[in-house]
Participant: 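Attaching a single structure in structure tokens format; questions to follow.
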Amino acid sequence: MNMRDSEAVAAQLVEKGYSLAGSEHSADVILLNTCSVRDMAEQKAIGKMRNLAAEKRKFRPGVVLGFMGCMAQSRGKELLDQLPDLDLVVGTQKFHRTAEYITRILEQRDGAICDVAEEIGSEATIREHLLNGKDVKKSATAFVSIMQGCNQHCTFCIVPDTRGKERSRTIPDIVAECRELVDRGVREITLLGQIVNQYGRREFGVENGKTAFVRLLEAVHEVEGLERIRFTSPHPKGYGVDLIQAYVELPKLCESAHFPVQSGSDRILKRMHRQYDVKRFFSLVDQLREAQSGMGITTDIIVGFPGETEEDFERTLDLVRKVRFDNAYVFKYSPRKNTPAATMEQQIETEVIEQRHARLLGQVNEIAAEINQQYEGRTVQVLVEGESRRNTERMMGRTRSNKIVIFEGKERHRGQLMDLRIVRCGSFTLYGDPAIVNLESSCTLA
Ligand code: SAH
């Protein structure tokens with residue numbers, strides 16, 4: 001979501017006549033978009049800004065420095081007191097005002113600006129796309145923000161505070177954005193929201209047994225030229241049969257789900273205010289796999305939530321072994337300002353959190369590698385996204401189940417759907433060969 005917000009701000013700046021700098025060292029304006037989900041992310045952003053501020057004082061007095069996003073929202077003016085060289089603090093409902101504020105700072109130089117107010121309608125302002133950055137290469141994939149905020153109030157989570165109440169854009173507005181993206185060469189769209197399946201539930205409600213989110217999926221599915229649809233992240237609460245059925249009925253909807261579970265212990269799930277139990281989570285996973293057998297499922301898990309006993313943790317390990325996730329993001333619990341969990345009794349010692357994190361990660365990685373191994377020898381369809389990050393001589397694409405595949409390809413493959421034979425598997429990456437598939441099909445023809 002932050003990547004998407006940053007891209008929208010960059011695109012808005014480009015539209016106003018600014019251009020993207022090759023690096024922070026040559027930039028006139030440096031904006032750091034921030035995350036508040038864990039303390040580590042905030043500390044990193046502050047550390048980075050301190051370094052930039054020191055550089056500004058010594059060598060670059062004219063450079064404009066700004067914080068955007070969740071930490072900007074939750075700390076506001078306090079950041080200006082802490083870092084006097086800072087020029088701009090832009091909250092999560094004000095991304096679209098960034099260009100205007102920068103112009104004001106550059107032209108008037110009349111002091112720092114901080115805007116973290118709420119704004120009606122701000123959910124529909126993350127709209128512009130950069131797509132091809134500073135080069136001319138086309139993006140095959142894009143993110144689309146369909147809603148802002150969250151009303152779930154998980155006891156560990158700062159997001160309802162930093163992103164405000166749940167607000168949804170309209171279906172026609174979202175579909176229009178998707179259509180424009182496809183016109184510009186995009187072939188895969190990922191719909192974004194804190195809890196996507198809660199999309200429009202208050203504004204647009206249920207019609208003919210279908211939630212607003214499923215109706216949105218159907219409307220986006222109609223966009224001609226769009227090949228693939230994904231969304232992230234859903235929540236087990238309100239995950240109905242209509243959404244399971246969408247995986248059967250909508251061929252563009254990729255068989256992949258990022259489905260945060262957070263814990264394998266019902267006791268901890270209750271303390272987290274997640275409003276589902278392990279049984280319900282298992283049942284949803286079963287239904288998803290029944291709907292689409294090749295379903296790739298990833299998750300988020302927090303270890304060391306206050307009160308988590310060894311037995312609770314074992315239950316999480318057990319859940320991971322039973323579900324067999326394709327991958328999982330394992331987070332160390334981090335107490336957040338004004339959240340109920342931060343003041344709960346039985347906070348867990350750092351050492352215990354570290355150990356549980358390492359144990360769980362070991363288990364997750366072992367299973368991920370085993371699942372990847374099963375891809376060896378299979379032919380998969382990938383959408384080619386661009387050069388491999390590690391080796392720019394190679395190209396990278398993703399399977400419908402969201403596995404990264406590296407292969408010997410050329411720039412002309414970018415944006416294409418290709419069949420690849422998987423010849424080798426790492427823990428996180430698959431390696432494919434298009435030649436083998438072509439060889440086979442020409443043999444068949446012969
Ligand atoms: N709205 C999304 C979550 C967004 S935050 C959802 O409910 O699925 C992404 C992940 O960060 C969460 O799923 C959770 O695993 C992790 N997270 C959130 N708050 C955290 C905290 N206080 N400490 C550690 N991890 C946290």
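Just so you know, these numbers come straight off a predicted model, no measurement behind them. Atoms considered below: every heavy atom in the structure, side chains included; atoms not considered: hydrogens, waters and symmetry mates. Read the numbers this way: they start at 1 and go in the same order the structure lists the ligands and their atoms. One-based numbering along the sequence shown.
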Participant: Quick one: sort the Y276 and H235 rings into parallel, tilted or perpendicular, breaks at 30° and 60°.
Facilitator: perpendicular

Participant: Which protein residues have a heavy atom closer than 4.0 Å to any atom of ligand 1, listed by chain and number?
Facilitator: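 Residues V37, R38, F156, Q194, S233, P260, Q262, R274, D300, I302, F331, K332, Y333, S334, R336 each place a heavy atom under 4.0 Å from ligand 1, listed by chain and number.
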
Participant: Just list the side-chain donor-acceptor pairs under 3.5 Å for residues 77-85, sequence neighbours left out, or say none.
Facilitator:
unit_1 : atom_1 : unit_2 : atom_2 : d
D85    : OD2    : R57    : NE     : 2.9
D85    : OD2    : R57    : NH2    : 3.0

Participant: With sequence neighbours left out, write down each residue that passes salt bridge (charged side-chain N to carboxylate O under 4.0 Å, His left out) with R271, or none if nothing qualifies.
Facilitator: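 R271 satisfies salt bridge (charged side-chain N to carboxylate O under 4.0 Å, His left out) with no residue once adjacent residues are dropped.
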
Participant: How are the rings of Y329 and H258 set to each other: parallel, tilted or perpendicular (split at 30° and 60°)?
Facilitator: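 Answer is perpendicular, since the angle exceeds 60°.
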
Participant: Could I get the full list of salt bridge (charged side-chain N to carboxylate O under 4.0 Å, His left out) partners for R187, not counting sequence neighbours?
Facilitator: E227

Participant: Using the ring of each side chain (for Trp, its six-membered ring), is F156 parallel, tilted or perpendicular to F305, with breaks at 30° and 60°?
Facilitator: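 The arrangement is perpendicular - the two ring planes meet at more than 60°.
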
